[in-house]
J.: 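Please find one structure pasted underneath; my questions will follow.
This is a predicted model, so every value here is computed, not measured. Every heavy atom of this structure was used, including side-chain atoms; hydrogens, water molecules and symmetry mates were not. Numbering starts at 1 and runs along the sequence shown.
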Amino acid sequence: MMLSPDQAEADLSWTQSDPETMLNGLKSAGCASDEPAEVEDRAKCKAEQPLSREEKRRRRRATAKYRSAHATRERIRVEAFNVAFAELRKLLPTLPPDKKLSKIEILRLAICYISYLNHVLDV
């Protein structure tokens, strides 16, 4: 939404929520008060509020066990990916035969080679 220079801030819905009103809503839920709260009271208040799906996912992903498992899966995936490229590279004719090719060069060469083989079959 674009604002014109003459548009007042009062027209915006997000500015209409009064901080005092929000604080009163928290107080009525038992999550905020004017007196200093004990640490366990704050923890209790947070525990009462259910975690969102995203927050649960974020907390689960923050564990060392999860990160380690994810890194292992990623290493296995990358290794399989590189093996597949090496196998494809062995099938492609190049001069010299041991020339180092990037992944994109291997893919482009494979496309050209397949096209050439189709042409040979058509003739």
Side-chain angles (χ1 to χ4, degrees):
M1 173 174 85
M2 300 231 2
L3 297 176
S4 63
D6 57 320
Q7 187 177 13
E9 283 188 20
D11 294 342
L12 300 174
S13 61
W14 57 270
T15 60
Q16 293 174 355
S17 57
D18 179 28
E20 192 66 35
T21 306
M22 290 172 54
L23 184 61
N24 289 338
L26 288 173
K27 283 181 183 178
S28 67
C31 292
S33 67
D34 291 334
E35 302 94 32
E38 296 295 323
V39 174
E40 55 196 39
D41 290 342
R42 288 185 202 148
K44 179 183 169 190
C45 182
K46 282 191 172 190
E48 291 173 0
Q49 298 172 349
L51 296 175
S52 68
R53 179 183 297 171
E54 185 62 32
E55 182 63 25
K56 288 178 185 176
R57 184 178 298 135
R58 205 175 289 128
R59 285 189 181 183
R60 185 179 69 239
R61 289 180 178 172
T63 64
K65 182 179 176 183
Y66 181 88
R67 288 193 311 268
S68 175
H70 179 73
T72 302
R73 285 192 307 270
E74 181 65 11
R75 273 193 300 278
I76 292 168
R77 186 192 69 81
V78 169
E79 185 178 327
F81 187 74
N82 289 335
V83 167
F85 267 100
E87 292 295 316
L88 179 59
R89 171 66 185 90
K90 289 178 188 175
L91 300 173
L92 299 173
T94 57
L95 287 174
D98 59 343
K99 182 180 178 192
K100 176 74 173 144
L101 297 172
S102 69
K103 290 180 174 102
I104 191 69
E105 289 172 330
I106 292 171
L107 292 174
R108 288 181 178 151
L109 190 57
I111 290 168
C112 291
Y113 189 55
I114 291 168
S115 176
Y116 168 75
L117 292 176
N118 279 331
H119 176 71
V120 168
L121 287 174
D122 290 342
V123 174

J.: Within the structure provided, determine whether Ile114 and Asn118 are in side-chain contact (heavy-atom separation under 4.5 Å).
T.: yes
J.: Quick one: CG on Leu117 to SG on Cys112, what's the gap to the nearest 0.5 Å?
T.: 11.5 Å
J.: So with a 6.0 Å cut-off around CD of Glu79, is the heavy-atom count from everything else above 12?
T.: no
J.: Indicate the atoms forming the closest heavy-atom contact of Lys99 with Leu95, along with that distance.
T.: CD-O, 4.3 Å
J.: Flag yes if more than 12 heavy atoms outside Arg53 fall under 6.0 Å of its CZ atom; otherwise flag no.
T.: no
J.: May I ask you to say whether Arg108 pairs ionically with Glu105, meaning some side-chain N is under 4.0 Å from a carboxylate O?
T.: no
J.: Got a second to check how far Arg75's CZ is from His70's NE2, nearest 0.5 Å?
T.: 10.5 Å
J.: Please tell me if the side chains of Leu107 and Phe85 come closer than 4.5 Å, counting only heavy atoms from C-beta onward.
T.: yes
J.: So which heavy atom on Tyr113 is nearest to which on Leu91, and how close?
T.: CE2-O, 3.9 Å
J.: Is there a side-chain contact between Arg57 and Arg60 in this structure, where contact means two heavy atoms from C-beta onward sitting under 4.5 Å apart?
T.: yes
J.: With rounding to the nearest 0.5 Å, note down the distance linking CD in Glu54 to CZ in Arg58.
T.: 4.5 Å
J.: Roughly how far, to the nearest 0.5 Å, is CD1 of Ile106 from CD of Glu87?
T.: 11.5 Å
J.: Look at the side chain of Ser68 and the backbone N and O of Lys65, then say whether any donor-acceptor pair between them is shorter than 3.5 Å.
T.: no
J.: So does Tyr66 get a backbone contact from the side chain of Arg61, meaning a donor-acceptor N/O pair under 3.5 Å?
T.: no
J.: In terms of hydrophobic clusters joined by side-chain contacts under 4.5 Å, are Val120 and Leu92 together?
T.: yes
J.: Are Thr94 and Arg89 linked by a side-chain donor-acceptor pair shorter than 3.5 Å?
T.: yes
